[in-house]
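I have placed the structure first, in the form of structure tokens, so that the comments after it can refer back to it.
In what follows, every heavy atom counts, from backbone to side chain, and hydrogens, waters and symmetry copies are set aside. When a ligand or atom number is given, it counts from 1 through the structure's own listing order. A quick note: this is a predicted structure, and the numbers were derived from the prediction, not measured.
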Amino acid sequence: MASSLGLVMLFLSCAISQAFLVSSSNYGGLFPDFYQFSCPQANDIIMSFLEEAIAKDPRMAASLLRLHFHDCFVQGCDASVLLDNSSEFKSEKEAGPNKNSLRGFEVIDQIKAKLEQVCPCTVSCADILAFAARDSVVLSGGPYWEVPLGRRDSKRAYFNKANVNIPAPNSKIQTLIRLFNRQGLNEKDLVALSGAHTIGVARCVSFRQRLYNQTGDHLPDATLEKNYYNDLKSICPTSGGNNNISPLDIASPNRFDNSYFKLLLLGKGLLNSDEVLLTGKVKKTQQLVKIYAENEAIFFHQFSKSMVKMGNISPLTELKGEIRKNCRRVN
Ligand code: HEM
């Protein structure tokens, strides 16, 4: 009896806080002060969980940054990536670019559980992802930017779109530009956001083709620096070892800096999609790689701008979507 009363109260409080959010947001866009009155502690809570998670596992910063990207590129930043399989839809977690690769779901679950205690039915899972991406960058030594907020959560996942919209690591430069353009992002955004690969790792399956059969002629990618190529071969054999990992930025794998771009100039980008920003014969992306390699402040500035732009891809606002109580399932 007590527990069913509790459920009714929770439902009522959800309905009330959602009505408040709707009436108080009289335009469709996002804005940084969205939780100023409804949950002013939100960012402090998120930050404290991240500090702990990243201190335990520095790679977690990279994994959370990537989660926001994989969310936004699939039907917008709506936390669709966090939904588990259900009878209604197949989870995006099962899609090629995500399977055995995306991580950080448990950290998001912990943050969400705490936020539901403190501010029930208020902070969306999509906004938690946007906050977590920004705070992960800051905790890794990268730039701070204000995160526009007010996204709501989708009521379904988009498995097929996750397979189609997220670029593959062997993509050529034209494919990368096309997939980013489809999201309203240009070459500047592509190069700056690829700089996220200044932290984190990739599995052998993501770069094997470059080592052994780049263009179907059983030869390696000629743009790979020789010593780096030899080191990578020892991590990633011709077969087996699919899940062996290598840092995306061998110079400073846990530090958010511009060394990723410096490494591209040396032929030490890990993924094909990294190196082609320089070798893909597109003047604009080549120039940007050189600028960011030379000047970290310019990279940080553009990265922040591009993260806001990516974070604004097709958000659900006002009456669309919902505030999920558990990021893994619809209410
Ligand atoms: C330009 C097109 C991109 C391609 C083709 C690409 C592809 C990949 C691949 C294949 C991995 C390794 C996955 C694995 O082997 O398990 C990876 C890791 C990563 N990606 Fe990207 N990515 C791209 C853009 C981005 C963007 C825009 C961001 C964020 C803004 C991002 C953030 C990351 C991070 C931080 C990691 C490391 C994750 C970890 O260590 O858990 N990537 N990416």
Side-chain angles (χ1 to χ4, degrees), residues 53-54 57-74 77 81 93 95-107 129-130 132-134 136-137 139-140 142-143 145 162-163 165-183 185-210 232 235-236 241-249 253-256 260 264 269-278 280 282 285 288-289 299 302-311 313:
I54 294 169
D57 169 15
R59 183 185 163 196
M60 190 49 74
S63 305
L64 293 170
L65 173 56
R66 186 169 183 233
L67 266 186
H68 184 45
F69 164 49
H70 283 219
D71 181 31
C72 293
F73 264 53
V74 180
C77 313
V81 70
K93 296 173 189 180
N98 297 338
K99 201 170 178 178
N100 300 323
S101 181
L102 279 190
R103 26 193 327 271
F105 300 111
E106 295 76 15
V107 177
L129 287 177
R134 193 274 313 275
S136 292
V137 169
L139 289 171
S140 307
W145 63 93
N163 276 320
N165 290 6
I166 299 171
N170 64 353
S171 298
K172 298 199 165 75
I173 188 72
Q174 289 78 10
T175 309
L176 295 174
I177 292 173
R178 183 171 48 80
L179 289 177
F180 272 64
N181 280 343
R182 279 222 306 237
Q183 306 284 353
L185 301 174
N186 58 28
E187 282 98 330
K188 255 191 181 176
D189 301 310
L190 166 64
V191 180
L193 291 173
S194 295
H197 290 176
T198 176
I199 52 174
V201 306
R203 292 166 305 147
C204 164
V205 274
S206 301
F207 57 88
R208 176 181 283 127
Q209 188 183 334
R210 297 189 73 201
L232 290 178
I235 296 167
C236 186
N242 282 356
N243 294 324
N244 295 354
I245 53 172
S246 181
L248 286 153
D249 167 355
N254 295 323
R255 177 138 198 97
F256 197 102
Y260 164 83
L264 294 187
L270 180 59
L271 306 177
N272 188 67
S273 60
D274 296 321
E275 203 58 55
V276 295
L277 299 175
L278 183 71
V282 171
T285 65
L288 288 164
V289 168
F299 164 51
Q302 184 58 46
F303 184 79
S304 304
K305 270 174 74 172
S306 297
M307 281 299 287
V308 170
K309 208 166 151 189
M310 184 177 85
I313 298 173

At less than 4.0 angstrom from any non-hydrogen atom of [X], what atoms of ligand 1 do you find?
| X | answer |
| --- | --- |
| G200 | 37 (C), 40 (O) |
| L248 | 18 (C), 19 (C), 36 (C), 37 (C) |
| F180 | 1 (C), 2 (C) |
| S194 | 1 (C) |
| A196 | 28 (C), 29 (C), 30 (C), 31 (C), 32 (C), 35 (C) |
| L190 | 1 (C) |
| L271 | 7 (C), 8 (C), 9 (C), 10 (C) |

Open item on the list: Other residues, nucleotides and ligands only: do more than 12 of their heavy atoms fall within 6.0 Å of NZ on K188?
Closed with: no

- [ ] Give me the ring orientation class for F256 and F299: parallel if the planes are under 30° apart, tilted from 30 to 60°, perpendicular past 60°.
- [x] parallel

Do ligand 1 and [X] have nitrogen or oxygen atoms that lie under 3.5 Å from each other?
| X | result |
| --- | --- |
| R59 | yes |
| H197 | yes |
| F69 | no |
| S206 | yes |

Select the closest option to [atom] among [options], judged by heavy-atom distance.
| atom | options | answer |
| --- | --- | --- |
| atom 5 (C) of ligand 1 | A168, G311, S171 | A168 |
| atom 38 (C) of ligand 1 | R203, Q183, M307, R66 | R66 |
| atom 35 (C) of ligand 1 | S101, P58, S273, A62 | A62 |

Open item on the list: Do Y260 and D274 make a side-chain contact, defined as non-hydrogen atoms from C-beta onward lying under 4.5 Å apart?
Closed with: yes

TODO: State the CZ-CG distance between F73 and L185, to the nearest 0.5 angstrom.
DONE: 5.0 Å

Task: Point-to-point distance, once rounded to the nearest 0.5 Å, from CD of Q183 to CZ of F69 - done: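 Reported to 0.5 Å precision, the distance equals 8.5 Å.
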
- [ ] Answer side chain, backbone, both or neither: which part of N100 comes under 4.0 Å from ligand 1, heavy atoms only.
- [x] neither

TODO: Using a 4.0 Å heavy-atom cut-off, say whether L179 meets ligand 1 through its side chain, its backbone, both or neither.
DONE: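 Answer for L179: neither.
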
Task: Backbone N/O of T285 and side chain of E187: donor-acceptor pair under 3.5 Å - done: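 It does not hold such a pair.
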
Open item on the list: Quick one, L193 with M310, criterion side chain to side chain contact (heavy atoms under 4.5 Å, CB included). Give me CA distance, side-chain angles, the key distance, then yes/no.
Closed with: CA-CA 9 Å; L193 291 173; M310 184 177 85; 4.0 Å; yes

